[in-house]
Protein chains: 2
Amino acid sequence: MATQTPVRAKGRPRSCLADAAIATAALELFADEGFERFSMEAVATRAGVSKATVYRRFCGRDELLAHAMTQLGADVPKMPELGDFWENLTQFLDGIRESAPGSLKSRIMIRVLGEGERHPQLQAMVTELVIRPRQARVRLILNSGIQSGRLRPDVDIEATIALLIGPMVWLKMLRLTPEAGAATTETIVEVLRAGLVPASHS
Amino acid sequence: MATQTPVRAKGRPRSCLADAAIATAALELFADEGFERFSMEAVATRAGVSKATVYRRFCGRDELLAHAMTQLGADVPKMPELGDFWENLTQFLDGIRESAPGSLKSRIMIRVLGEGERHPQLQAMVTELVIRPRQARVRLILNSGIQSGRLRPDVDIEATIALLIGPMVWLKMLRLTPEAGAATTETIVEVLRAGLVPASHS
DNA sequence: TAATTACGATACGTTAGCGTTTCGCATTAT
DNA sequence: ATAATGCGAAACGCTAACGTATCGTAATTA
């Protein structure tokens, strides 16, 4: 190997600012406008670069979209591991519920779900990058809860995962009517923890 | 009043077959193709009628779409009222989870949610017609459960609603990976009923 | 029968977005 | 300096869909 950068192109190097601008513009555009309005031209305009700059990097919209989606998997909510089991669970779920109800990732997820039947490989990619890691993380947390005796060992894991993630997704969608999504993550975990049957029946 | 039909047009009456064909075509098209591809022309083609026939009934795509959405609220899952409280609840939730995971209403709901920020009045309409009636129905069921003593009277109603509806929506979305949505409605209700804490801690 | 309206088919001009290409200038290696 | 590549700007032709209008035929009332 002759140089530190094995293959160093001769001409003017590509602007890494343009790289970043295109990547973020692609994600935001898809979240804001949806699959249909996602086009090379729209991405270029939003990124503040020329169309030629985009086409030099990606052959077409599918390639660009796929590249943008790979940036979604980065930040899986981390596992706290210290503190009470229930606190950890609540904290993790809050991480899924995430910032504003209309966060970038949330909006992208909804778009993908809507377009899923028409573009199964896009859906598969997002499933693999976003949904699966979070499912696995919940599974880990639940298993640790069982081992530490905080959780019923005979509980149905898959059903519990649905009971934990489902409401988060649902409440995220209920940005519709603000007062309807008033239920906090804490109260949800608390209800699920104690169950629905009266204490006298236990 | 002169006649039984107060205003009887003179010429050829409008075909009620065309009415129905347009209405169903509009719903299916929106579910299949999404908001962007929803157009007067596409609806006419799918309905098997000419564009003129559609334009004679609706001024534009917004009017047509709004009319189509009003047909969604019709069949709220009925309240069984006979049988065990938990059986009723399970049955009702199965009704929400609904037939095939890709039912017409499900797909429309996802589309609306995705396009919600861009078209808030469409979202508001569907919220009013589909979501709210089901929320209210769950509320009724839960209150009846409290009155009959099957349900903890101090339970947080809003959190419980999220815990019931959320997983149904979530599992509906998990048509992605068939094995992942294996959790049945029964097991979900069972877990929620008994709670997550070990019996020894209750 | 005459008048009136609905229907299917089709054609029209307009608009918007697409992917592509070209141009002059900027930036880098040799 | 020279060659090579990236960049923004702009123009290209193409396609698809839009809303509208026209036509002959069908159905209904007066």
Side-chain angles (χ1 to χ4, degrees), chain A residues 1-26 28-30 32-68 111 115 118-119, chain B residues 1-26 28-30 32-68 111 115 118-119:
Chain A
M1 48 189 76
T3 66
Q4 289 181 343
T5 53
V7 177
R8 181 67 173 101
K10 279 176 40 176
R12 173 178 175 177
R14 290 187 181 169
S15 165
C16 54
L17 282 81
D19 289 338
I22 291 173
T24 67
E28 292 178 358
L29 180 70
F30 184 78
D32 287 349
E33 309 274 351
F35 187 93
E36 294 300 329
R37 294 197 181 182
F38 183 89
S39 68
M40 303 292 271
E41 187 153 21
V43 171
T45 301
R46 180 179 281 240
V49 303
S50 72
K51 282 201 287 182
T53 302
V54 182
Y55 273 102
R56 199 170 291 113
R57 290 164 169 76
F58 305 98
C59 295
R61 92 176 205 167
D62 288 352
E63 189 175 321
L64 172 53
L65 186 55
H67 175 262
R111 295 284 188 187
E115 225 68 36
R118 187 161 299 276
H119 309 279
Chain B
M1 48 192 78
T3 65
Q4 288 181 342
T5 52
V7 178
R8 180 65 171 106
K10 281 179 30 179
R12 172 177 173 176
R14 290 187 181 170
S15 166
C16 54
L17 282 81
D19 289 337
I22 291 173
T24 67
E28 291 178 359
L29 181 68
F30 183 78
D32 286 348
E33 308 275 350
F35 187 93
E36 294 300 329
R37 294 196 181 181
F38 183 90
S39 68
M40 302 291 272
E41 189 152 18
V43 170
T45 301
R46 181 178 282 237
V49 302
S50 72
K51 281 202 289 180
T53 301
V54 182
Y55 272 102
R56 199 172 291 115
R57 289 165 168 76
F58 306 97
C59 295
R61 93 176 203 167
D62 288 352
E63 190 175 321
L64 172 54
L65 185 55
H67 175 263
R111 297 281 188 188
E115 225 68 36
R118 187 160 298 277
H119 309 280

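A, B, ... follow the sequence lines: proteins, then strands. Residue 1 opens every chain.
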Residue B:A52, side-chain heavy atoms: nucleotide from D:dC7, C:dA9, C:dT4 that is nearest: C:dA9
The side chain to side chain contact (heavy atoms under 4.5 Å, CB included) partner of A:L29 among A:V43, A:L65, A:T45 is A:V43
Residues of residues 55-62 of chain B with any non-hydrogen atom less than 4.0 angstrom from an atom of DNA chain D: list those, numerically ordered, please. B:Y55
To the nearest angstrom, the CZ-P distance between B:R12 and D:dA27 comes to 6 Å
Toward the 5' end of DNA chain C, which comes first, A:M40 or B:R14, by nearest nucleotide? B:R14
Heavy-atom contacts under 4.0 Å between residues 16-24 of chain B and DNA chain D, which residues? none
What are the two closest non-hydrogen atoms of B:A47 and B:A21, and how far apart are they? CB-O, 3.6 Å
Heavy-atom pair with the smallest gap, counting every atom of B:A18 and B:T53: CB-CG2, 4.2 Å
Taking only side-chain N and O atoms of B:T53, does any of them lie within less than 4.0 angstrom of OP1 or OP2 on C:dG8? yes
Counting N and O atoms only, with roles assigned by atom type, does the side chain of B:R46 sit under 3.5 Å from a partner on the main chain of B:A26, one being a donor and the other an acceptor? no
Please work out whether the ring planes of B:F35 and B:F30 are parallel, tilted or perpendicular, with thresholds of 30° and 60°. perpendicular
Looking at side-chain heavy atoms only, is the closest gap between B:F58 and B:H67 below 4.5 Å? yes
On a heavy-atom basis, the closest approach of A:R37 and A:A42 is O-CB, 3.9 Å
Which parts of nucleotides 12-17 of chain D does protein reach within less than 4.0 Å, heavy atoms only, written one letter per nucleotide 5' to 3' as B for base, S for sugar-phosphate only and - for none? -----S
Carboxylate-amine/guanidinium contact B:R14 B:D19, below 4.0 Å: no
Quick one: do B:R111 and A:E115 make a salt bridge, cutoff under 4.0 Å? yes
Under 3.5 Å, side chain of B:R118 to main-chain N/O of A:D32, donor-acceptor pair present? yes
